[in-house]
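Below is one structure, written out as structure tokens; the observations come after it.
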There are 2 protein chains.
Amino acid sequence: MARPTQRITESQQAMLSYIQDYILTNGRPPTFRDIQRGANISSLSMVSHYLDILREAGEIEFNESSSRGVWVKSLPKPGDFVRVPMCGVITCDGEHGVPTPDADALRNPEDWIPVARSLVGNAKLEDLYALRARGDSMIDAMINDGDLVIMRRNFDYKDGGLYAVMLSDRNETTLKRVFKDGKKFKLKPENPRLEPFWVDARSAQLQGRVVCVVRAM
Amino acid sequence: MARPTQRITESQQAMLSYIQDYILTNGRPPTFRDIQRGANISSLSMVSHYLDILREAGEIEFNESSSRGVWVKSLPKPGDFVRVPMCGVITCDGEHGVPTPDADALRNPEDWIPVARSLVGNAKLEDLYALRARGDSMIDAMINDGDLVIMRRNFDYKDGGLYAVMLSDRNETTLKRVFKDGKKFKLKPENPRLEPFWVDARSAQLQGRVVCVVRAM
DNA sequence: TATTATACCGAACTGATGTTCTTTGTCAAT
DNA sequence: ATTGACAAAGAACATCAGTTCGGTATAATA
């Protein structure tokens, strides 16, 4: 990425910071007069002039002749993210190991988790939900206590993906890496120190695909 | 969370969708006239009226008497996120196992990683950087090949946190959970199946703290 | 049919907002 | 001192944008 060809002055830098703070605080860009007041610029024409310089320096972009048209390039845009409903907990007991949330839980979640759009691919928003891992029962899937697991319903099956697998004969749902082999599934724990095993495709249902895992520390 | 007390009509829903799309596309809210044109509303006063209804229904919020003051509540705001510079790779060889990026790498990164602000706590933006894990050398820290590790310089030491630890006698830097015990560090692999071990505090340097780990699948 | 209430349209209004232009101030070279 | 080049201030302007309001159409009610 190219560095600014033009050095910017201290007051221009201060103005840039103000615009950035304004966007972060208000969620939308400021007007020229907001900038003038907030960054203590002496006149509107100076605001306009500084904006030209900041644009040349590659720090901002803006739509001319349109209100609140300025944006700081280093800031993410709303379209870079999605919000995913938090719908419950992955526990180690089989019955509710990996819950499938109902419509109500999806619409009225306990919480909303912001996730970078680049992490969830082309998934439809309404197919995504988040679960919190509890205990170390998912350690074979390299998922730790407290991890956030973003799941996707209505996935396309992709060999080798990590899925919530319901094993009907064991009455148990866990996360495993899945490979299809004729009428059998090969279920491979994510931890390479553990051995894979096979189950009959009829006794295994793929309830959702893991889209990403997030661990706050 | 309270459900909408008022059912919204189809055209109101269409208007809501238009506003949402506008924000996602343009990064800022639309004007009333944008909405009128884009969502095919017959008059400006109808736009205003529908906005009142959508606000009552809890779908939007807006600043009155201010241009482009409407926001769709289900959309994240720019302030919900930060962008972290991508500064290299964690490999299994000791020397460059967990690199500490220089100023230039921080300012001109290969890439920018969007991260939810709630994940990075109160860290200063300039202290954060991202590394990509390569190989399974970090598996003891529950970090997988391809994982994104968000690191923080200038951290406050917190007992039991995950740190990039430089072991000078081994000439090796790895990620371990660290507990202080007098003049010794207790280094505990994240994987509970592995045993912790002790090192002298003088031969171990904490280079950075792991703030969060993100795994795309 | 007459009445009332409600939804809706469109124009006009008022303040907000980006742009332009003239004037003023500063500084260096002549 | 004079001039020219440049930066900066402030007013004026044209358009943008949210609000208001009188009027019309539609539907329900008596």
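Sequence lines set the chain letters: A, B, ... in the order given, protein chains first and strands last, and positions in each chain run from 1. Small disclaimer: the values here were computed from a predicted structure and weren't measured.
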Check your understanding: Could you give the CG-to-P distance, from B/L51 to C/dC8, as a whole number of Å?
Key -> 14 Å

I'd like a list of close polar pairs between nucleotides 14-18 of chain C and the protein, N/O only, cut-off under 3.5 Å.
from: C/dT17; atom 1: OP1; to: A/R68; atom 2: NH2; distance (Å): 3.0
from: C/dT17; atom 1: OP1; to: B/S67; atom 2: OG; distance (Å): 3.0
from: C/dG18; atom 1: OP1; to: A/R68; atom 2: N; distance (Å): 3.0
from: C/dG18; atom 1: OP2; to: A/F32; atom 2: N; distance (Å): 2.6
from: C/dG18; atom 1: O3'; to: A/S65; atom 2: N; distance (Å): 3.3
from: C/dG18; atom 1: N7; to: A/R33; atom 2: NH1; distance (Å): 2.9
from: C/dG18; atom 1: O6; to: A/R33; atom 2: NH2; distance (Å): 2.8

**Study point:** A/T31-B/R68 side chain donor-acceptor pair, cut-off 3.5 Å
**Key:** no

Check your understanding: In whole angstrom, what separates B/I19's CD1 from D/dA17's P?
Key -> 15 Å

Review point. Quick one: A/H49 NE2 to D/dG10 C1', roughly how many Å, whole number?
Key: 16 Å

Check your understanding: Quick check: does any side chain N or O of A/R83 sit under 3.5 Å from a backbone N or O of B/S74, one acting as donor and the other as acceptor?
Key -> yes

Check your understanding: Within the side chain of A/R177, is there an N or O that forms a donor-acceptor pair under 3.5 Å with the backbone of A/G160?
Key -> yes

Point to revise | Residues forming a salt bridge (charged side-chain N to carboxylate O under 4.0 Å, His left out) with B/K77, sequence neighbours excluded | key: B/E61

Check your understanding: Please give, in whole Å, the distance from D/dG18 P to B/I60 CD1?
Key -> 12 Å

Review point. Can you check the B/Q36 CD to D/dC16 P distance for me, whole Å?
Key: 14 Å

Check your understanding: Please give, in whole Å, the distance from D/dA8 C1' to A/D52 CG?
Key -> 15 Å

Review point. Does B/K124 pair with B/D127 as a salt bridge, N-O distance under 4.0 Å?
Key: no

Check your understanding: When you match A/S45 and B/I41 each to their closest nucleotide on DNA chain C, which lands nearer the 5' end?
Key -> B/I41

Review point. Rounded to whole angstrom units, what separation is found between the CE atom of A/M46 and the P atom of C/dT19?
Key: 14 Å

**Study point:** Pairs meeting criterion ring pair (Phe, Tyr, Trp, His ring centres under 6.0 Å) with involvement of residues 145-167 of chain A, two or more places apart
**Key:** A/F155-A/Y163, A/Y157-A/Y163

